[in-house]
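A single structure is presented below for examination.
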Amino acid sequence: QVQLVYSVGGLVQAGGSLRLSCAASGRSFSTSAVGWYRQAPGKQRDLVAHITWGGNRNYADSVRGRFTISRDNTKNTVYLQMNSLKPEDTAVYYCNFLVPRNDFWGQGTQVTVSS
């Protein structure tokens, strides 16, 4: 069984900041490349950032320079620091493997950015 514990997202004013976390059961989550995904209503779920086991990071163009992904492998936890938030960042945010597993999405966490 897989259990994901998301931090609470929230309602944030444009230009504000928010830090998300996702804690997962299972050793493989801490030893594999993982990422943050997001899905806005009516839109495809997209990868926004990922981090490898060795700490290499990559970002989607839409968030590069504003978001930072990090991880604590001892806690099986991945983080997403979001700065300079924009209304178009509004979405449900999910964590998963870089090669995602269909049973790892969980409920995600809602982030709403007001203009």
Side-chain angles (χ1 to χ4, degrees):
Q1 298 183 19
V2 177
Q3 182 177 5
L4 294 173
V5 180
Y6 287 96
S7 63
V8 176
L11 175 62
V12 184
Q13 184 176 324
S17 298
L18 190 66
R19 180 176 176 266
L20 305 180
S21 66
C22 173
S25 62
R27 180 175 177 268
S28 62
F29 195 78
S30 294
T31 58
S32 301
V34 298
W36 282 96
Y37 302 75
R38 69 185 182 187
Q39 186 171 30
K43 300 291 183 64
Q44 181 181 350
R45 180 154 49 197
D46 294 324
L47 178 69
V48 299
H50 80 262
I51 183 169
T52 68
W53 182 80
N56 190 44
R57 298 173 174 89
N58 290 95
Y59 300 93
D61 290 342
S62 58
V63 307
R64 186 177 293 110
R66 300 187 297 117
F67 290 10
T68 302
I69 188 171
S70 61
R71 69 194 303 173
D72 184 343
N73 290 332
T74 66
K75 298 180 179 179
N76 289 343
T77 300
V78 62
Y79 304 91
L80 187 67
Q81 177 66 48
M82 304 184 293
N83 299 325
S84 301
L85 283 162
K86 304 175 180 180
E88 53 262 43
D89 295 319
T90 295
V92 177
Y93 284 72
Y94 303 86
C95 61
N96 210 321
F97 298 97
L98 182 59
V99 180
R101 298 181 181 180
N102 289 334
D103 60 342
F104 266 60
W105 293 114
Q107 80 279 12
T109 187
Q110 176 71 49
V111 173
T112 302
V113 184
S114 61
S115 59

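All of these numbers come straight from a predicted model, not from anything done at the bench.
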### Message
More than 12 heavy atoms of other residues, nucleotides or ligands under 6.0 Å from CD of Q107: yes or no?
### Response
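For Q107, atom CD is crowded (more than 12 foreign heavy atoms under 6.0 Å).
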
### Message
By the ring-ring contact (aromatic ring centres under 6.0 Å, His included) test, which pairs, at least two apart or in different chains, include something from residues 66-100?
### Response
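Residue pairs passing ring-ring contact (aromatic ring centres under 6.0 Å, His included), neighbours aside: F29-F97, Y94-W105, F97-F104.
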
#### Entry: Under the side chain to side chain donor-acceptor pair (under 3.5 Å) test, residues paired with R64 that sit two or more places apart
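Side chain to side chain donor-acceptor pair (under 3.5 Å) check on R64 returns D61.
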
### Straight-line distance of I51 CD1 to S70 OG, nearest 0.5 Å
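It comes to 6.5 Å.
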
With a cut-off of 3.5 Å and sequence neighbours excluded, list every side-chain donor-acceptor pair involving residues 80-88.
{"residue": "Q81", "atom": "NE2", "partner": "N83", "partner atom": "OD1", "Å": "3.0"}
{"residue": "N83", "atom": "OD1", "partner": "S17", "partner atom": "OG", "Å": "2.9"}

### Query
Passes side-chain contact (heavy atoms from CB on, under 4.5 Å), S62 versus R38? Steps please.
CA-CA 12 Å; S62 58; R38 69 185 182 187; 3.4 Å; yes

### Task
Examine distances only and state if a side-chain atom of Y37 and a backbone atom of V92 form a donor-acceptor pair shorter than 3.5 Å.
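A pair under 3.5 Å: no.
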
### Query
Judged by atom type as modelled, is there a donor-acceptor pair below 3.5 Å linking the side chain of S7 to the main-chain atoms of L20?
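Not confirmed, S7 side chain does not pair with L20 backbone.
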
### Task
Just grab all the salt bridge (Lys or Arg N to Asp or Glu O under 4.0 Å) pairs involving residues 39-53, residues at least two apart or on different chains.
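Residue pairs passing salt bridge (Lys or Arg N to Asp or Glu O under 4.0 Å), neighbours aside: none found.
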
#### Entry: Spacing of L4 atom CG and N96 atom CG [to the nearest 0.5 Å]
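Rounded to the nearest 0.5 Å, the CG-CG separation comes out at 7.5 Å.
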
#### Entry: Pairs where residues 39-63 contributes a residue and the test ring-ring contact (aromatic ring centres under 6.0 Å, His included) is met, not counting sequence neighbours
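Sorted result for residues 39-63: empty, none.
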
### Message
Taking disulfide (SG to SG under 2.5 Å) as the cut-off, I'd like each qualifying pair that reaches into residues 26-81, sequence neighbours left out, listed once.
### Response
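Qualifying pairs: none.
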
### Query
T31 and N73: side-chain contact (heavy atoms from CB on, under 4.5 Å), yes or no, with the steps?
CA-CA 7 Å; T31 58; N73 290 332; over 6 Å; no

### Task
List the atom of Y6, the atom of C95, and the distance in Å for their closest heavy-atom pair.
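Looks like OH-N, 3.1 Å.
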
### Query
Which atom pair, heavy atoms only, marks the closest approach of T77 to S21?
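Nearest pair, atom of T77 first, then S21: CG2-CB, 4.2 Å.
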
### Query
Roughly how far apart are L18 CG and D89 CG, rounded to 0.5 Å?
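L18 CG to D89 CG: 10.5 Å, rounded to 0.5 Å.
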
### Query
Between atom CZ of R101 and atom OG of S28, what is the distance when rounded to the nearest 0.5 Å?
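If I round to the nearest 0.5 Å, the distance is 4.5 Å.
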
### Query
Is the side chain of T112 donor-acceptor paired with the backbone N or O of L11 at a distance under 3.5 Å, no angle test?
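Judged by distance alone, no pair lies under 3.5 Å.
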
#### Entry: Heavy-atom pair of closest approach, residues L98 and P100
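It is O-CD, 3.2 Å.
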
### Message
Working to the nearest 0.5 angstrom, can you tell me the gap between R71 CZ and T52 OG1?
### Response
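Output value for this atom pair is 7.5 Å.
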
